[in-house]
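A short write-up of the structure that comes next.
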Amino acid sequence: MSSLRGLPLQLLSQPLPPLLPSPPPSPPLSSPLLSSPRANGTLCGLNLTSCPSPSASSSNSVMVFRGTISAAPDFDPSADAEALYAAMKGLGSDKDAILDLVTSRSNAQRQEVITAYKSNFGKDLIEDLKYELTGKFERLIVSLMRTPAFHDAKEVKDAVKGAGTDEKCLIEILSSRNNQQVHDMVAAYREAYGREMEDDIIADTTGHFRKMLVVLLQGTRDESGSVDEELVAEDIQDLFAAGEEQWGTDEAKFIMILGNRSIPHLHKVFEEYEKAYETTIEDSIKSELSGDFERLMLAVVQCIRSVPMYFAKRLYKSMKGLGTADNTLIRIMIGRSEIDMLDVRECFRLRYEKSLYNMIKDDTSGDYKRTLLNLCGGDDDLAGEFFPEAAQLAYKMWEISSTTKVKLRPTVRPASDYDPAADAQALRKAMKGFGTDEDTIIEIVANRSNAQRQEIRQAFKSLLGRDLMKDLKSELSKNLERLILALMMTPAEFDAKMMRKAMEGAGTDEHALIEILVTRNNEEIQAMSEAYLHGYKKSLEDAIQSDTSGLFCRILTSLVQGAREEGPADYDRADSDAQELGEACNAESDEMEIKFMSILCTRSFPHLRRVFQEFVRYTNKDIEQIIKKEMSGDVKNAFYAIVRSVKNQPSYFADRLYKAMKGLGTDDRALIRIMVSRCEVDLFNIRKEFKETHDTSLHDFIQSDTSGDYRKTLLILCGGED
């Protein structure tokens, strides 16, 4: 489950993900901020479970315009044709005139301009634009002049032609288009290339991935909008039996159900599936499928849940990091500009805490940038707060976060047919004599649970009279030594050592202190404190107070008590806590931070989810945005880590791993700390969050960022590719 940072209310392309059985129902949103109309005349207060879907609604459903480009009033195609001709006549071309005109007309109007241009001047407008313009700007303007169907057809053609295949393009287009859009695209492909799109896709893809693409290519999804309760029950049983319940996966069942059932029907299937099996359909897909087929099925589910959120994620991934995936950026900005760009913008801002407008502005340049910004239609960061619709949906998404149960999955499990004495002898043999057999050491240590490693340590001393830790330290070196020794410690010993390392020497690794104390439960913190006292003859609390200061020191001191409340949310108290946090936002900075500490450092995580949900009601803002805007330094980082962990702890660790390896150099201490501490808890979940957020696998990131036996050990802990 990806990190929930709120979603806009008007997901007119899909309703909210269905809720699991929840505690007492939420009271109605009464804040005037949550019930006022948008400036564009669109009213909030929609039924969040029955919004029509532009991408998958029935042909006779009423569509509400949520685009940024609409038909220009007082439109004259001949006058536009003359203006474009004048802009391209003579030496050079008036790019401003071209982009302003093209982005202020609907696609249907552009087609009329193309016809008028040929009638008036006997020339092909698209060919003239290709001649006059260059680079990405040319590609964008020319793409805007094509019909949606032909634009999709060309994108598919480009995805399958040549040596490689752009699977991501195929997935995006075929998972997000409704039946009529698919039929129009197939017809346009036939007309433009004299070939069948299905034949070309079959020739260029394989396996279950190909089968699902062919199913989607038929454009035969049920669009009646009906929900058959008996069939829902049958479908959830079939999906579970096809995946989680058996060894291996019956992919055909997933294809048949997800590729054909109506959108409302699948909403109900997903809801009942979560109720019955306490896991989301996404988690089942991630655990049962792999490769391009897994990515396609997840895209289908995401589009069933929320088309705008799916495209917000695709846009973010197209621009983050080094370089820009311009084809993806152009395709989405054009494709959604007349459908639901307002919703995509809201999803983008609320998920990534930055407006789509500003990300485009930072990531592109020149006339290309100006054209994209015109399609975007506005800067949502200027609003400063949630749109009314967004606030209401953020409130609902916190509710989903608090009711969805995520099954945590490790990557390292106890070895079967395990013999600690044999392992101890094998390790001694690997270290005896000239040289060291690192492969044997890695194979044993990385493939045993921590409890089994402790038995090996004891057997090593009992049988050989030697200290295994000392022997390993003398035989290994550098990062491999640090990683193997970390694996051989108990979790409490390892956490204590990591806390010690974070505070020794001239500087302090505040991020490590925050990460450990925020993410460990009471029992783990107490065990770590005991191990610290035993190992370093000083209490962990005293060490923290000697090495930190001010409110940050007080926050860490509070957390190191290991006395966070446990248990479910207290609804009345959560309401009161949310009001107190909201009121604190208007107080002096010191008072605000102290109030945040008194609640964020002491309440249980389930309770805090409810508090943050109610916080949206009282402030019209998200708790993360308040922390990032109003606080600074280590205090901000500590509170931010708590909120991220409350929302989605695997996602928090995925971000920490990404930061440990991105850019020049690697933070090996952070990398080792997370890989070792999470491999028997939730590293599989972290892997999935890493892939979802960063569009590359944790396995590949480790592969490219580390080397030798150190890399080999980390990859065993990682547990596989995604």
Side-chain angles (χ1 to χ4, degrees), residues 408-501 516 520-521 523-524 526-537 668-669 671-684 708-720:
L408 299 182
R409 297 179 58 183
T411 54
V412 173
R413 295 177 173 83
S416 57
D417 301 324
Y418 152 73
D419 183 345
D423 282 349
Q425 295 286 3
L427 286 171
R428 176 58 185 153
K429 182 179 179 182
M431 293 184 283
K432 194 166 65 173
F434 186 70
T436 304
D437 182 357
E438 287 89 354
D439 287 345
T440 296
I441 295 172
I442 293 167
E443 183 63 27
I444 293 174
V445 174
N447 287 292
R448 304 292 185 269
S449 68
N450 189 273
Q452 290 176 331
R453 294 183 208 119
Q454 303 317 309
E455 293 181 15
I456 294 170
R457 281 176 67 177
Q458 186 59 51
F460 198 88
K461 181 164 282 188
S462 299
L463 295 173
L464 305 167
R466 303 175 65 90
D467 187 315
L468 177 55
M469 301 293 276
K470 288 182 179 178
D471 281 6
L472 288 168
K473 193 168 185 176
S474 69
E475 293 293 327
L476 305 175
S477 62
K478 298 182 179 178
N479 284 329
L480 177 63
E481 174 205 332
R482 286 189 277 273
L483 177 54
I484 293 294
L485 288 176
L487 286 164
M488 293 304 304
M489 296 176 190
T490 67
E493 289 172 340
F494 179 58
D495 280 347
K497 183 170 184 179
M498 290 296 97
M499 292 291 287
R500 176 76 170 185
K501 288 288 184 183
I516 294 169
R520 303 315 191 249
N521 62 34
E523 185 179 349
E524 290 167 336
Q526 290 160 10
M528 171 179 65
S529 296
E530 290 175 12
Y532 195 96
L533 181 61
H534 178 77
Y536 306 108
K537 311 307 178 189
D668 291 292
R669 187 173 290 171
L671 178 57
I672 291 171
R673 182 175 64 246
I674 298 171
M675 294 296 290
V676 170
S677 66
R678 309 315 296 182
C679 65
E680 293 187 55
V681 182
D682 57 0
L683 189 53
F684 181 88
D709 292 323
Y710 175 52
R711 174 171 65 190
K712 180 179 178 181
T713 312
L714 287 171
L715 291 179
I716 293 174
L717 298 180
C718 184

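Looking at K461 and L468, their side chains never come closer than 4.5 Å, going by heavy atoms from C-beta outward. With a 4.5 Å cut-off on side-chain heavy atoms, M469 and M489 count as touching. Side-chain contact between I516 and R673: present, with at least one pair of heavy atoms (C-beta onward) separated by less than 4.5 Å. In this structure, I456 and Y418 have side chains that are in contact, with non-hydrogen atoms separated by less than 4.5 Å. A 4.5 Å side-chain heavy-atom check between V412 and N450 finds every atom pair outside the cut-off. Counting only heavy atoms from C-beta outward, the side chains of K497 and Y536 approach each other to under 4.5 Å. Within the 4.5 Å cutoff, no side-chain heavy atoms of L483 are placed close to those of V445. Counting heavy atoms from C-beta on, the side chains of T411 and R678 never come closer than 4.5 Å.
Residues Y710 and D668 have side chains that bring a donor and an acceptor to within less than 3.5 angstrom of each other. Side-chain contact check for R457 and Q454: at least one donor-acceptor pair (N or O, by modelled atom type) lies under 3.5 Å.
Smallest separation of non-hydrogen atoms from P420 and A459: O-CB, 3.9 Å. Nearest approach of P410 to F684, heavy atoms of both residues: O-CB, 4.0 Å. Nearest heavy-atom pair, A492 versus A527, reported as atom, atom and distance to 0.1 Å: CB-O, 3.6 Å. Nearest approach of R466 to F460, heavy atoms of both residues: O-CD2, 3.4 Å. Minimum interatomic distance between M675 and L714 (heavy atoms only, all atoms of both residues): CE-O, 3.6 Å. Nearest approach of L464 to A424, heavy atoms of both residues: CD1-O, 4.1 Å.
Remark: K470 NZ is loosely packed, at most 12 non-hydrogen atoms of other residues, nucleotides or ligands lying under 6.0 Å away.
A donor-acceptor pair under 3.5 Å is absent between the side-chain atoms of Q425 and the main chain of A422, judged by distance alone. In this structure a side-chain-to-backbone donor-acceptor pair under 3.5 Å is present from Q452 to A415.
Put simply, CD on Q526 and CD on E524 are 10.5 Å apart, with the number rounded to the nearest 0.5 Å. One finds the CG atom of L427 at 11.5 Å from the CZ atom of R453 (value rounded to the nearest 0.5 Å). A distance of 7.0 Å separates CG in L485 from CG in L476, rounded to the nearest 0.5 Å. Taking CD from E475 and CG from D471, the interatomic distance works out to 7.0 Å, rounded to the nearest 0.5 Å. To the nearest 0.5 Å, the span separating OG on S477 from CD on E438 amounts to 8.0 Å. L683 CG to S677 OG: the interatomic distance, rounded to the nearest 0.5 Å, is 9.0 Å.
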Practice task
Before giving the answer on side-chain contact (heavy atoms from CB on, under 4.5 Å), spell out for D439 and K712 the whole-Å C-alpha distance, their side-chain angles and the decisive distance to 0.1 Å.
Solution key: CA-CA 9 Å; D439 287 345; K712 180 179 178 181; 3.0 Å; yes

Practice task
Please report the C-alpha distance between L472 and E481 in whole Å, then the side-chain angles of each, then the deciding distance to 0.1 Å, and finally whether the side-chain contact (heavy atoms from CB on, under 4.5 Å) criterion is met.
Solution key: CA-CA 7 Å; L472 288 168; E481 174 205 332; over 6 Å; no

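A salt bridge links D423 with R448: the distance from a Lys NZ or Arg NE/NH1/NH2 to an Asp or Glu carboxylate oxygen falls below 4.0 Å.
Paired with E680 under the rule side chain to side chain contact (heavy atoms under 4.5 Å, CB included), one option of S449, P491, P414 passes, and it is S449.
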